[in-house]
Amino acid sequence: MDLSWTPAQEAFRAECRAWLEAHVPAEPLPSFDTAEGFAAHRRFEAELHAGGFAMVPWPVEYGGRGADLLEWLIFEEEYYRAGAPRRVNQNGIFLLGPTLMEYGTPEQKARFLPKMASSEEVWAQGWSEPGAGSDMAAIQTTARRDGDHYVIRGQKTWASRGAFADWLFGLFRTDPDSERHHGLSFVLAPLDAPGVTVRPIAQLDGETGFAEVFFDDARVPVANRVGEEGRGWAVAMATAGFERGLMLRSPARFQETARRLVDLYRQRAGAAPPTLREEVVRCWMDAEAYTLETYRTVSRLLAGARIGAEASLNKIFWSELDLRMHEAALRLLGEGAGLLAEAPAAPDTGPWLDGFLFALSGPIYAGTNEIQRNVIAERLLGLPRG
Ligand SMILES: Cc1cc2nc3c(=O)[nH]c(=O)nc-3n(C[C@H](O)[C@H](O)[C@H](O)COP(=O)(O)OP(=O)(O)OC[C@H]3O[C@@H](n4cnc5c(N)ncnc54)[C@H](O)[C@@H]3O)c2cc1C
C-alpha cells in the first residue's frame, strides 16, 4: 500500500476543501429527524449535487464525478473537517446505491441513481419487522405476484428517516411457502403508494428518527425487484457488507471526534484522572488505526476484491470506538456532562451528550454486535454454530 497522496489527489483535496469552506452552513442545521431539519438537509444535498460532490465515486451519468474510492475517502476527510451536515440520504447513497451498481439492471440504475445522488428521492431501509430483528430470516411481510406487480402485505419497523423518506428498499417474502432466507426478494417500494401507511415513531427526545411502515396490499411493479426473485438474501447481504464494511461510517467521522476529544482533554487536563489520559490516547490511536485499515480495505477493493464477512469486524470496531470516545468525553466533562445543549451553562458540552446517546445505538443498528460476533465465529474462525 502506498501511503502518500499523488499531486492529483492533493489537488482534489484542495478543491473539496475550498468548495466546502464556501458552502457548509455556518450554523448547524436542525436535526434531520424533524420535518424542518429534513427539508434543510435535503436542500444542502441539492447544493452538494450541483457542486459535483454528492457521491464522488459514482459515474458521471449517475450524478457522481467518476472518482475512485480513495478520492471518496479524501472527500470524506474534508467533509468531516468542515463540520458539514450529516447525510440525510445515507441509506440511498451509501447502501442502496452500491447495491444497484452491482445488482441493478441498466434501467434501474438510470431510473434511481441520479435522483438518489441529488436526494430528490430519499431512501429508508426496510429489513426489520416486529418479529424479525437480529433474526432477519424470520421476515413475514409478503410480496405476492399478480401479473407484472407485487402485492405487498405486512409491516416493517425501525426504518431510519422513514418518517420523511420517499422510498423504501427491503426484503419481502415472494414465495409464500418458503422458509428462512429462501424465497425472499429485494424490492424497491414508493412510500406514497396507495396501501402504504407510514407511522412515525417518536424517540425519547421527541424527534421522529424512525417509522413503522404498513403495507396493506400495496402494488409495486415487478420491475422494482433488484436481483432474481427469491434470491434477495444475497443482495441484502451485499448491502449489509457495504454498510458495515466501508460506506456507512467512513474513518473521517471518528478522526474528527478523536480530534475534538484531544482538544477537550487539553482544556480539562488539570481535573482529569491519569487513566483518562491513557484512554484519550488509546481512542486517538484507534481512530488512526481504523483509518489505516479502511485504506487497506479500499486498496483491496480497487484491486478487485469484494467485501466479505470481515465487514463484521469493522462494524464492531467503529461502533465500540465511537462509544468509548463519547464516554471519555463525558468523564472529562464531569458533572456538566448531563446538561443538554440548550442549558445556559452548557454551550459546548451538549453535542457530546447528543453524540453519546447516538453512540449507544451503534452496537445495535446495522446488525447488533452480538450478531457480528456470531458471524466472525462461524464465518471467519470456522467455529461450530452456537
Ligand atoms: C439507531 C437505529 C437505527 C436503525 N435503523 C434501521 C433501519 O433503517 N431499518 C431497519 O430495518 N432496521 C433498523 N434498525 C433496527 C435494527 O436493525 C435492530 O434493532 C437490530 O437488528 C436488532 O433487532 P431487534 O431490535 O429486534 O433486537 P433483537 O433481535 O430482539 O435482539 C435483542 C438482543 O438479543 C441479542 N441477540 C439476538 N439474537 C442473538 C443471537 N443469535 N446470538 C446472540 N445474541 C443475540 C441481540 O444482540 C440484542 O442484544 C435500527 C436500529 C437502531 C438502534
Side-chain angles (χ1 to χ4, degrees), residues 31-33 38 86-97 99 122-141 152 154-173 180-181 184 186-189 191 196 198-205 207-215 232-233 235-237 239-244 247-249 253 311-312 315-316 318-320 322-323 326 354-379 381 383-386:
S31 159
F32 57 24
D33 290 332
F38 188 88
R86 294 280 149 93
R87 305 299 298 269
V88 70
N89 205 6
Q90 53 182 276
N91 290 316
I93 57 177
F94 295 152
L95 310 184
L96 179 59
T99 310
V122 176
W123 287 81
Q125 177 176 238
W127 308 138
S128 303
E129 298 182 359
S134 300
D135 187 13
M136 204 166 97
I139 281 173
Q140 302 266 328
T141 302
I152 304 185
Q155 181 193 346
K156 296 288 174 181
T157 191
W158 307 128
S160 298
R161 313 290 94 69
F164 309 111
D166 308 293
W167 283 79
L168 173 141
F169 62 87
L171 275 184
F172 301 89
R173 198 162 287 286
R180 307 297 297 160
H181 54 279
L184 297 166
F186 191 112
V187 176
L188 314 176
L191 289 173
V196 179
V198 176
R199 193 191 291 166
I201 302 175
Q203 299 166 170
L204 270 180
D205 59 10
E207 293 179 358
T208 47
F210 299 112
E212 298 175 289
V213 182
F214 298 87
F215 294 91
W233 185 262
V235 185
M237 287 306 104
T239 310
F242 296 125
E243 179 176 31
R244 296 169 189 158
M247 304 297 285
L248 186 68
R249 295 290 177 248
R253 177 180 176 122
S312 294
K315 196 261 155 167
I316 292 173
W318 57 246
S319 56
E320 293 187 348
D322 201 31
L323 197 48
H326 284 89
D354 280 352
F356 171 71
L357 294 176
F358 186 70
L360 285 173
S361 68
I364 302 172
Y365 66 79
T368 70
N369 285 8
E370 289 79 16
I371 295 300
Q372 305 316 308
R373 287 188 163 89
N374 286 346
V375 172
I376 293 164
E378 289 161 22
R379 294 192 40 208
L381 301 179
L383 300 179
R385 286 179 68 86

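Ligands are counted one by one from 1 in listed order, and the atoms in each one are counted from 1 as well.
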Taking atom [atom1] of [X] and atom [atom2] of [Y], what is their separation to the nearest 0.5 Å?
X: Arg249; Y: Asp322; atom1: CZ; atom2: CG; answer: 7.5 Å
X: Phe186; Y: Leu96; atom1: CZ; atom2: CG; answer: 5.5 Å
X: Leu168; Y: Lys156; atom1: CG; atom2: NZ; answer: 7.5 Å
X: Phe169; Y: Leu188; atom1: CZ; atom2: CG; answer: 9.0 Å
X: Asn374; Y: Ser134; atom1: CG; atom2: OG; answer: 9.0 Å

Item to complete: Would you check if there is a donor-acceptor pair between the side chains of Glu212 and Thr157 at a distance under 3.5 Å?
Response: no
Fill in: Distance-only side-chain donor-acceptor flag, Trp123 / Gln125, under 3.5 Å
no
What atoms of ligand 1 come closer than 4.0 angstrom to any heavy atom of [X]?
X: Tyr365; value: 1 (C), 2 (C), 3 (C), 4 (C), 50 (C), 51 (C), 52 (C)
X: Ser361; value: 1 (C), 53 (C)
X: Ser128; value: 10 (C), 11 (O), 12 (N), 13 (C), 15 (C), 16 (C), 17 (O)
X: Trp127; value: 11 (O)

Which protein heavy atom lies closest to [atom], and at what distance to 0.1 Å?
atom: atom 25 (O) of ligand 1; value: Trp158 NE1, 4.4 Å
atom: atom 19 (O) of ligand 1; value: Ile364 CG2, 3.6 Å
atom: atom 5 (N) of ligand 1; value: Ser160 OG, 2.7 Å
atom: atom 9 (N) of ligand 1; value: Gln125 O, 2.8 Å
atom: atom 44 (N) of ligand 1; value: Glu370 CB, 3.5 Å

Worksheet item: Given the side-chain rings of Phe172 and Phe215, with only the six-membered ring counted for Trp, is the space between their centroids under 6.0 Å?
Response: yes
Item to complete: Not counting sequence neighbours, which residues clear ring-ring contact (aromatic ring centres under 6.0 Å, His included) with Trp158? List them please.
Response: Phe210
Does some non-hydrogen atom of the protein lie less than 4.0 angstrom from [atom]?
atom: atom 34 (O) of ligand 1; result: no
atom: atom 7 (C) of ligand 1; result: yes
atom: atom 30 (O) of ligand 1; result: no

Response to the item:
For Ser160, the side-chain hydrogen bond (donor to acceptor under 3.5 Å, both in side chains) test, sequence neighbours excluded, returns none
Fill in: Pick from Ile371, Ile139, Leu95: the one approaching atom 39 (C) of ligand 1 most closely through a non-hydrogen atom
Ile371
Worksheet item: Relative to atom 37 (C) of ligand 1, which among Ser134, Gly162, Gly133 owns the nearest non-hydrogen atom?
Response: Ser134
Part of [X] with heavy atoms under 4.0 Å of ligand 1, whether side chain, backbone, both or neither:
X: Asn369; result: neither
X: Asn374; result: side chain
X: Thr368; result: side chain

Worksheet, complete the sentence: From the list Glu129, His181, Arg180, side chain to side chain contact (heavy atoms under 4.5 Å, CB included) with Ile139 holds only for Glu129
Worksheet entry | Gln140 atom CD, over 12 foreign heavy atoms within 6.0 Å | no
Practice prompt. Give yes if a backbone or side-chain nitrogen or oxygen of Asp135 is under 3.5 Å from a nitrogen or oxygen of ligand 1, and no if not.
Written response: no
Worksheet item: ligand 1 and Asn91, any nitrogen or oxygen pair closer than 3.5 angstrom?
Response: no
